[in-house]
Protein chains: 2
Amino acid sequence: MTRPKEILIPVTPYAEGDPDIGDIKNIVGFHIRLAHGAVYRNFTETFSDLELTQKQASVLWLVDDHPDIAQIGLARRMQMDRATTMAIINRLQKRGFLVRGKSKTDGRKQTLNLTNDGRQALASAKVAMQKHEKWLQSRFSKKEAEMLIEMLSRFNTEKPV
Amino acid sequence: MTRPKEILIPVTPYAEGDPDIGDIKNIVGFHIRLAHGAVYRNFTETFSDLELTQKQASVLWLVDDHPDIAQIGLARRMQMDRATTMAIINRLQKRGFLVRGKSKTDGRKQTLNLTNDGRQALASAKVAMQKHEKWLQSRFSKKEAEMLIEMLSRFNTEKPV
DNA sequence: TGTAGATAGTTAGTCTAGCAAACAATATTT
DNA sequence: AAATATTGTTTGCTAGACTAACTATCTACA
């Protein structure tokens, strides 16, 4: 492991002055991206043994929480389009973690359910997730974590009223 | 534009109880990913005329802020590896937005600088960024936005002390 | 009822991005 | 002087996001 001599923290907490964007340090989007990258890297490291990505683990989790869910339901919950969802489901199916079935109520839809292997993978994933979340949440008090989640969820609303 | 009949907001603000991860709704990583996705999509929409990605716009901005910066400097600031940085620089160079030069102080390094086209693209990007940030920050008070940035930046520290 | 439009899944193709591994050239350290 | 580190580069692989087209099915309404 080589440590860079100069550790550049590309951010300052915030800047004084008016909110216009003279400085990249004040761009919320920039910070979301950096944070996402850091979280992604830690996730990948934590899950390297399991060989599951964030998306894949989330899909396993959601399918387990919602048996017989259709791809479109997954897509909505994870805010992905159908094509992307297909690709992810295909990968998980190829590894034998879930199976597609026929919906009894809607001929267009299929049902998704975990296999035993899938359930086992999810169980391992939840253990790893605990470690990952610990890494994340160690940076925040419980109250702060709640606040962070609440603030992040505001991005997923259609439009602020 | 077809609107889904059922709009699924995949989150609840937070859940009561202890912080262990029985529920995907309490996973910070999950929310970061969703938020990042939403921000990314709005960015892409806002920047569709300019045909610039988040990364590309950020690189233009940083090169403008730091003339003669080397690729490795950019990589550190944006937390990318060298290979990824290469690819992004190559794309921007191919479009004539920046040029590579020779560093006078270190034979291994190259200098990056914007061309006139690059400066022009950045100027347009900053205008679009203003719109994008407005979309983002409309969800937050000024104080909340500052808090959010501060909290997000905690992910980019090595380890919490 | 019958038809037009919406929805769900699928496939193919394109693009960005991340990363590992290797290599050459240059700097730094010992 | 030799060993090690750093920087840029190339190649190859992977995941993921998106568009466009197509089929099958369902829904709505004239």
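In what follows, chains carry the letters A, B, and so on, assigned in the order in which the sequence lines appear, proteins first and then strands, with residues in each chain numbered from 1.
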What one should report as the nearest heavy-atom pair of A:Ala121 and A:Leu60 is CB-CD1, 4.2 Å
Note: B:Val63 and B:Asn113 closest approach over all heavy atoms is CG1-CA, 3.7 Å
Contact check, residues 94-112 of chain A vs DNA chain D, heavy-atom distance under 4.0 Å, returns A:Asp106, A:Gly107, A:Arg108
Expected list for residues 40-49 of chain A near DNA chain D, using heavy atoms below 4.0 Å, is none
Roughly, in whole Å, what's the span from [atom1] in [X] to [atom2] in [N]?
X	N	atom1	atom2	value
A:Met80	D:dG16	CE	C1'	9 Å
B:Ile72	C:dT26	CD1	C1'	14 Å
B:Glu51	D:dC18	CD	P	16 Å
B:Asp81	D:dG12	CG	P	18 Å
B:Gln93	D:dT10	CD	P	10 Å
B:Arg82	D:dG12	CZ	C1'	16 Å
B:His36	D:dG16	NE2	P	13 Å
A:Arg91	D:dG16	CZ	C1'	7 Å

Note: for B:Gln71 and A:Ala83 on DNA chain D, the residue whose nearest nucleotide lies more 5' is B:Gln71
Check whether A:Gln56 reaches the backbone of A:Leu92 with its side chain - one donor and one acceptor, N or O, closer than 3.5 Å. no
Answer yes or no: is there a donor N or O on one side and an acceptor on the other, between the side chain of B:Glu133 and the main chain of A:Val28, under 3.5 Å? yes
request  = Quick one: sort the A:His132 and A:Phe43 rings into parallel, tilted or perpendicular, breaks at 30° and 60°.
outcome  =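 Perpendicular.
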Do [X] and [Y] have side chains that approach each other closer than 4.5 Å (heavy atoms only, starting at C-beta)?
X	Y	answer
A:Glu146	A:Lys142	yes
B:Lys102	B:Lys109	no
A:Thr84	A:Asp81	yes

Is any side-chain nitrogen or oxygen of [X] closer than 4.0 Å to OP1 or OP2 of [N]?
X	N	result
B:Gln54	C:dT16	no
A:Gln79	D:dA17	no
B:Arg76	D:dT7	yes

Open item on the list: Go through it in stages, so that I can follow the logic: the residues are B:Tyr40 and A:Phe155, the test is ring pair (Phe, Tyr, Trp, His ring centres under 6.0 Å), and I'd like the CA-CA distance, side-chain angles, deciding distance and then a yes or no.
Closed with: CA-CA 11 Å; B:Tyr40 186 86; A:Phe155 291 113; over 10 Å; no
message: At 4.0 Å (heavy atoms only), tell me whether B:Thr53 reaches a base, stays on the sugar-phosphate, or touches nothing.
response: sugar-phosphate
* What nucleic acid atoms does B:Ala87 come within less than 4.0 Å of, heavy atoms only: base, sugar-phosphate, or nothing? -> nothing
**Message:** Run A:Arg154 and A:Glu150 through salt bridge (charged side-chain N to carboxylate O under 4.0 Å, His left out) and show every step you take.
**Reply:** CA-CA 7 Å; A:Arg154 294 190 206 174; A:Glu150 189 279 321; 3.0 Å; yes
Notebook entry, point to check: To the side chain of B:Ala70, which of C:dT16, D:dG8, C:dG9 is closest?
Noted result: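 Closest nucleotide among those given: D:dG8.
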(message) If you assign B:Thr84 and A:Met86 each to the DNA chain C nucleotide with the nearest heavy atom, which residue ends up on the more 5' nucleotide?
(response)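 That would be A:Met86.
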